[in-house]
Participant: 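Once you've had a glance at the structure underneath, I'll fire off some questions.
Just so it is clear: chains get the letters A, B, ... in the order the sequence lines come, proteins before strands, and each one is counted from 1.
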2 protein chains.
Amino acid sequence: MKDRLSATFSALSDPTRRAILARLSEGEASVTELHEPFSSDMSLPAITKHLKVLENAGLIQKTKAAQWRTCSLNPEPLKEASDWIEQYSLFWEESLDRLDEYLKDIQKKNKKG
Amino acid sequence: MKDRLSATFSALSDPTRRAILARLSEGEASVTELHEPFSSDMSLPAITKHLKVLENAGLIQKTKAAQWRTCSLNPEPLKEASDWIEQYSLFWEESLDRLDEYLKDIQKKNKKG
DNA sequence: TGGTTAATTAACCAAATGGTAAATTAATGA
DNA sequence: TCATTAATTTACCATTTGGTTAATTAACCA
């Protein structure tokens with residue numbers, strides 16, 4: 001049994017799966033919807049397999065309604081991955097400036113809405 | 001040819017390789033030194049292979065002196081991975097508080113010297 | 001009921017992955 | 001020179017990975 005962090009990084013190591021997560025970050029979607037952008041060069045069963053990998057890593061969740069399978073993003077494993085990488089952030093110099101700027105950005109957005 | 005981000009996440013998907021990076025975060029080390037913590041259950045050639053994966057992903061660099069191969073951490077790909085994950089940070093709620101705290105921590109350390 | 005839609009499973013494939021033991025190469029030094 | 005140390009390569013292995021096509025299952029609806 002693969003540990004959670006390994007499963008997460010492994011899931012993220014494929015471009016198709018990263019693109020799927022990007023799509024889900026905008027809102028939940030059905031399997032067919034997720035397949036659409038890749039339909040010219042990838043089969044639906046291939047997408048099903050990718051989703052299985054993402055689900056096993058805990059990165060997505062599926063809900064079932066009739067013949068529909070709706071997928072949604074679960075950010076928890078991403079946060080764990082981010083936390084792991086964070087221990088190395090002291091190694092890049094601009095870290096302080098970037099975080100400062102990013103933080104201010106978020107505070108602005110939060111105050112607006 | 002695998003794209004850089006995929007190679008990075010793929011490299012990070014193995015616990016041994018993450019442990020190697022953790023060791024290198026404390027300072028550069030020879031192949032034998034990196035092998036030592038694993039020597040009871042993993043061969044030296046296996047470590048060589050892992051290092052090859054890390055090197056191909058750009059996560060480490062090797063310098064050569066006589067029969068010695070010294071490995072050191074390269075944080076750039078980690079930063080790229082962190083940046084990629086960062087786009088999802090809005091999905092976890094404590095992000096703002098954590099970043100704020102972290103930033104203050106770093107500023108304290110920098111002011112000390 | 002039978003056709004349609006959505007999704008999954010089964011069977012297959014080539015390549016990649018994490019290991020091993022043995023052999024080889026590179027460098028040192030008695 | 002030959003033994004020792006450090007590291008890599010070779011050859012092998014079982015398993016996993018990203019795909020495919022065909023078949024099957026689940027659900028809807030005229």
Participant: Between N or O atoms, less than 3.5 Å apart, protein on one side and nucleotides 17-19 of chain C on the other: list the pairs.
Facilitator:
| from | atom 1 | to | atom 2 | distance (Å) |
| --- | --- | --- | --- | --- |
| dG18(C) | OP2 | Arg17(B) | NH1 | 3.4 |
| dG19(C) | OP2 | His50(B) | NE2 | 2.4 |
| dG19(C) | N7 | Lys49(B) | NZ | 3.3 |
| dG19(C) | O6 | Lys49(B) | NZ | 2.4 |

Participant: For Glu33(A), which residues count as a salt bridge (charged side-chain N to carboxylate O under 4.0 Å, His left out) partner, sequence neighbours excluded?
Facilitator: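 With neighbours one apart ignored, the set is Arg23(A).
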Participant: Would you confirm whether the ring centroid of Trp84(A) sits within less than 6.0 angstrom of the ring centroid of Tyr88(A)?
Facilitator: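 Yes, ring centres under 6.0 Å apart.
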Participant: Quick check for you: to the nearest 0.5 Å, what is the distance between Thr70(B) atom OG1 and Leu24(B) atom CG?
Facilitator: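 Taking OG1 in Thr70(B) and CG in Leu24(B), the distance rounds to 10.5 Å.
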Participant: Do nucleotides 24-30 of chain D as a string where each nucleotide becomes B, S or -: B if the base has a protein heavy atom under 4.0 Å, S if just the sugar-phosphate does, - if no protein is that close.
Facilitator: ---SS--
Participant: In Watson-Crick or G-U wobble terms, both distances under 3.5 Å, what is the partner of dT4(D)?
Facilitator: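 For dT4(D), the partner nucleotide comes out as dA27(C), under the 3.5 Å rule.
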Participant: Sequence neighbours left out, what pairs pass salt bridge (Lys or Arg N to Asp or Glu O under 4.0 Å) with at least one residue falling in residues 6-19 of chain B?
Facilitator: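 Listed once each, the pairs are Asp3(A)-Arg18(B).
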Participant: Atom CD1 of Ile60(A) and atom P of dA7(C): how far apart are they, to the nearest Å?
Facilitator: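 So the CD1-P distance, Ile60(A) to dA7(C), works out to 12 Å.
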Participant: What distance do Gln61(A) atom CD and Glu55(A) atom CD have between them, rounded to the nearest 0.5 Å?
Facilitator: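 Between Gln61(A) CD and Glu55(A) CD, I get 8.5 Å after rounding to 0.5 Å.
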Participant: Once you round it to whole Å, what is the distance between P of dT25(C) and CG of Leu44(B)?
Facilitator: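 One finds 18 Å between P of dT25(C) and CG of Leu44(B), rounded.
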Participant: Ile20(B) has an atom CD1; how far is it from atom P of dA7(D), in whole Å?
Facilitator: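 Between P of dA7(D) and CD1 of Ile20(B): 13 Å.
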Participant: Using side-chain contact (heavy atoms from CB on, under 4.5 Å), reason through Phe9(A) and Ser10(B) one step at a time and then give a plain yes or no.
Facilitator: CA-CA 6 Å; Phe9(A) 283 130; Ser10(B) 182; over 6 Å; no
Participant: Once you round to the nearest 0.5 Å, how far does CE of Met42(A) lie from CD1 of Ile47(A)?
Facilitator: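 Answer for the CE-CD1 pair, Met42(A) versus Ile47(A), is 5.5 Å.
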Participant: Nearest-Å distance, CD (Glu55(B)) to C1' (dT9(D))?
Facilitator: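 It works out to 15 Å between those atoms.
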Participant: Please report the distance, rounded to the nearest Å, between CG in Leu51(A) and P in dG18(D).
Facilitator: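 So the two atoms are 14 Å apart, to the nearest Å.
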Participant: Could you tell me how far apart Ile47(B) (CD1) and dT8(D) (C1') are, to the nearest whole angstrom?
Facilitator: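 For the pair Ile47(B) CD1 and dT8(D) C1', the rounded distance is 14 Å.
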Participant: In chain order, what residues pass the salt bridge (charged side-chain N to carboxylate O under 4.0 Å, His left out) check against Glu80(B), with sequence neighbours excluded?
Facilitator: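 Expected list: Arg4(B).
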Participant: Within this structure, what is the NZ-to-C1' distance between Lys52(B) and dT10(D), rounded to whole angstrom?
Facilitator: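 Computing the Lys52(B):NZ to dT10(D):C1' distance gives 14 Å.
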Participant: Of the residues in residues 22-32 of chain A, which ones touch DNA chain D at a heavy-atom distance under 4.0 Å?
Facilitator: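 Contacting residues: none.
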Participant: Would you give the length of the straight line joining atom NE2 of His50(A) to atom CD1 of Ile60(A), rounded to the nearest 0.5 angstrom?
Facilitator: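 It is 11.5 Å, given to the nearest 0.5 Å.
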Participant: How long is the gap from CG on Leu59(B) to OG on Ser72(B), to the nearest 0.5 Å?
Facilitator: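 Answer rounded to 0.5 Å: 11.5 Å.
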Participant: Got a second to check how far Phe91(B)'s CZ is from Leu78(A)'s CG, nearest 0.5 Å?
Facilitator: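 Phe91(B) CZ to Leu78(A) CG: 9.0 Å, rounded to 0.5 Å.
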